[in-house]
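Okay, so here's the structure we're looking at.
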Amino acid sequence: MPETGGAIAALQHDGRDVLRRAPEGTADVLAAACFPLVPYANRIANGQFAAGGETYQLPLNFGDHPHSLHGFGWQSGWAVEDAGADHAVLVHAHDGSAGWPWAYRAEQRFALAPGAARIELSLTNLADTPMPVGLGLHPYFPCDADTRLRFEAETLWLADATMLPAETAPAAYFGDWAGGAAVRGDALIDNSYEGWDGLAQIEQCWGRIAIQGEGAGVLHLFRPPGADFFCVEPVSHLPDAINRGGMDALARGETRRLAMTLSVR
């Protein structure tokens, strides 16, 4: 789905959906199987941030939500630079407008191998001044009563009413993820786990999906109440990190990368 946020429409293994399948013909990126987060992940409070002595206003791009969400890549068309039976390269360019004053080039590289799929997302600063950098991937996984999730992290961030980080809690607050816990539940989880080791495992009734993140020290877990899907998002920073001193900067010409490999066992 290059024209729809550079998103993935489906990913299967032996006829099983590894990622949630997008409806045929949809143009809604939020119905996709996975989409990229660039040049920042998750929320920027009120869409506002300061850099170089100037204050900038980003579009409030998610309905009536008070914050700007997930950057520009997910709401932009991506160009297909290369494609084959087992690989593809998509490119998204930003000209330094719409409240993000740095021009950049973003690239997604997809590679398929037997039992595995890898997505690499990169961001290159084309502006003259250092640019805050944030990356993430937003995959949707099918979920039923038997689906279990396993991962380890140091800290959970609880959120305020607008889903910004507010205070820390033990990583097992919503479930014993380190031991493997059922995913389905009646409470919303839309929270970040800091100190993630880059590994996670999903147990489905038909097999196991191993997730390996690279360049992602934070895992964001999104579980709507009672839904038949959930999201395990490798990201490089916490929500609103740009206003909290938690985003790195790229000099002109520098590139930052984040990757996710899904392996079926």
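Residue numbers count from 1 along this sequence.
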Output, in order, the C-alpha distance, side-chain angles, deciding distance and verdict of side-chain hydrogen bond (donor to acceptor under 3.5 Å, both in side chains) for Thr26 and Asp28. CA-CA 5 Å; Thr26 187; Asp28 180 6; 5.2 Å; no

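- Looking at Trp177 and Leu219, their side chains never come closer than 4.5 Å, going by heavy atoms from C-beta outward.
- Within the 4.5 Å cutoff, no side-chain heavy atoms of Phe35 are placed close to those of Trp78.
- Looking only at side-chain heavy atoms (C-beta outward), Val91 and Arg105 come within less than 4.5 Å of each other.
- With rounding to the nearest 0.5 Å, the separation of CG in Leu221 from CZ in Phe151 is 5.5 Å.
- Judged as a salt bridge (Lys or Arg N to Asp or Glu O under 4.0 Å), and not counting sequence neighbours, Arg184 has no contacts.
- Shown here are the side-chain hydrogen bond (donor to acceptor under 3.5 Å, both in side chains) partners of Glu233, two or more places apart in sequence or in another chain: His138.
- Considering only heavy atoms from C-beta on, His220 stays 4.5 Å or farther from Leu238 through its side chain.
- Ring orientation note: the planes of Phe229 and Phe222 are tilted relative to one another, at an angle of 30° to 60°.
- The local environment of CZ in Arg244 is crowded, with over 12 non-hydrogen atoms from other residues, nucleotides or ligands closer than 6.0 Å.
- Look at Arg257 and Glu120 and you find a salt bridge, because one of the NZ, NE, NH1 or NH2 atoms lies within 4.0 Å of a carboxylate O, short of that distance.
- In this structure, Phe72 and His94 have parallel ring planes: the angle between them is below the 30° cut-off, well short of the 60° mark.
- Remark: Arg43 does not engage Asp240 in a salt bridge, criterion side-chain N to carboxylate O under 4.0 Å.
- The residue from Gln75, His70, His67 that alone fulfils the side-chain hydrogen bond (donor to acceptor under 3.5 Å, both in side chains) condition with Asn61 is Gln75.
- Leu37 places none of its side-chain heavy atoms less than 4.5 Å from the side chain of Leu258.
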